[in-house]
Amino acid sequence: GLSSTSRLHDLFVTYEAMPPGAFRNRGAGLQMIWGTAPSPFGTAVLVLTEYGLAGIGFADGDVSVAAAFEDLRARWPNASFARDDARVVPVAARIFDPARWDPEQPVKVVLIGTDFEVEVWQTLLRIPVGRATTYQGVANAIGRPTASRAVGAAVGKNPISFVVPCHRVVGTSGALTGYH
């Protein structure tokens with residue numbers, strides 16, 4: 001009953017910002033679960049909180065699981081982390097299998113960043129499946145037409161890649177401009 005698969009993706013993800021105190025305290029008092037799971041892009045490293053999915057990284061030929069986890073862990077230096085692959089695998093399966101995208105049970109994600117970064121990431125969530133835009137297009141969409149470099153930096157800091165589709169943003173020339 002949806003008008004397109006893009007609309008399904010809109011309903012597949014719900015998001016909220018991390019409570020300001022948890023962000024300010026760099027995760028003090030938060031228990032975070034992390035683990036690995038298969039994905040179409042190699043081994044995915046996921047971080048979960050009681051609020052939802054807080055991070056996805058990928059291990060591949062250049063990046064080890066330990067390095068991908070450390071990148072995500074460094075965002076929350078005061079949080080406690082426990083590895084539990086069994087809790088992570090079903091979340092990853094829902095994320096990476098479009099047949100399991102269910103608007104009745106959306107994947108909850110937690111956007112962890114500055115107000116500007118969260119605004120950029122919210123804009124990324126509105127890019128339709130199968131479409132791309134430019135950093136300049138995102139800057140225009142958020143009402144900051146001179147901020148394309150800052151948008152690029154925010155896109156590069158996206159802690160929930162694939163779910164928050166940073167892969168749909170390219171340079172004005174159409175180049176990936178350093179995207180991993």
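Note that the structure is predicted; figures quoted are calculated from it, not measured.
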Checklist entry - Is there side-chain contact between Val155 and Val138, with heavy atoms separated by less than 4.5 Å? => result no
Checklist entry - What are the two closest non-hydrogen atoms of Ser64 and Ala59, and how far apart are they? => result C-CB, 3.8 Å
Next on the checklist: Would you compute the distance between atom CZ of Arg126 and atom CZ of Arg131 and round it to the nearest 0.5 angstrom?
Outcome noted: 16.0 Å
Next on the checklist: Parallel, tilted or perpendicular, judged at 30° and 60°: which one describes the rings of Phe162 and Phe96?
Outcome noted: tilted
Checklist entry - Do Leu125 and Ile127 share a hydrophobic cluster (ILVMFWY, side-chain heavy atoms under 4.5 Å, transitive)? => result yes
Item to check | Residue pair Trp34 / Leu72, side-chain heavy-atom distance below 4.5 Å | outcome: no
Next on the checklist: For a side chain to side chain contact (heavy atoms under 4.5 Å, CB included) check, start with the C-alpha distance between Thr123 and Thr133, then their side-chain angles and the critical distance, and finish with the verdict.
Outcome noted: CA-CA 11 Å; Thr123 303; Thr133 190; over 6 Å; no
Next on the checklist: Measuring from atom CG of Asp84 to atom CG of Leu46, what distance do you get when rounded to the nearest 0.5 angstrom?
Outcome noted: 12.0 Å
Next on the checklist: Assigning hydrophobic clusters by single linkage (Ile, Leu, Val, Met, Phe, Trp, Tyr; side-chain heavy-atom cutoff under 4.5 Å), is Val169 placed with Phe58?
Outcome noted: yes
Checklist entry - So, do Val151 and Ile142 sit near enough that their side-chain heavy atoms are less than 4.5 Å apart? => result yes
Next on the checklist: Counting neighbours of CZ on Arg83 that are heavy atoms of other residues, nucleotides or ligands and sit closer than 6.0 Å, is the number greater than 12?
Outcome noted: yes
Checklist entry - Pick one: which of Leu111, Ile56, Val164, Val163 meets side-chain contact (heavy atoms from CB on, under 4.5 Å) with Asn158? => result Val164
Checklist outcome for this item: Closest non-hydrogen contact found for Ala37 with Val88 is CB-CG1, 4.3 Å
Item to check | For Gln31 against Ala82, the heavy-atom pair lying closest together | outcome: NE2-CB, 3.4 Å
Checklist entry - Can you name the closest pair of heavy atoms from Val45 and Ala68 and give their distance? => result CG2-CB, 3.8 Å
Item to check | Donor-acceptor pair, side chain of Trp121 and main chain of Lys157, under 3.5 angstrom | outcome: no
Next on the checklist: With a 6.0 Å cut-off (strictly less than), is the heavy-atom count around CZ of Arg87, excluding the residue itself, greater than 12?
Outcome noted: no
Item to check | Same apolar cluster: Phe41 and Val89, side chain cutoff 4.5 Å | outcome: no
Item to check | Closest approach of Pro159 to Arg75 (non-hydrogen atoms, all atoms of both residues) | outcome: CB-NH1, 3.7 Å
Item to check | Aromatic contact, Phe69 with Phe81 (centres under 6.0 Å) | outcome: yes
Checklist outcome for this item: Residues Cys166 and Leu124: closest non-hydrogen pair is CA-CD1, 3.9 Å
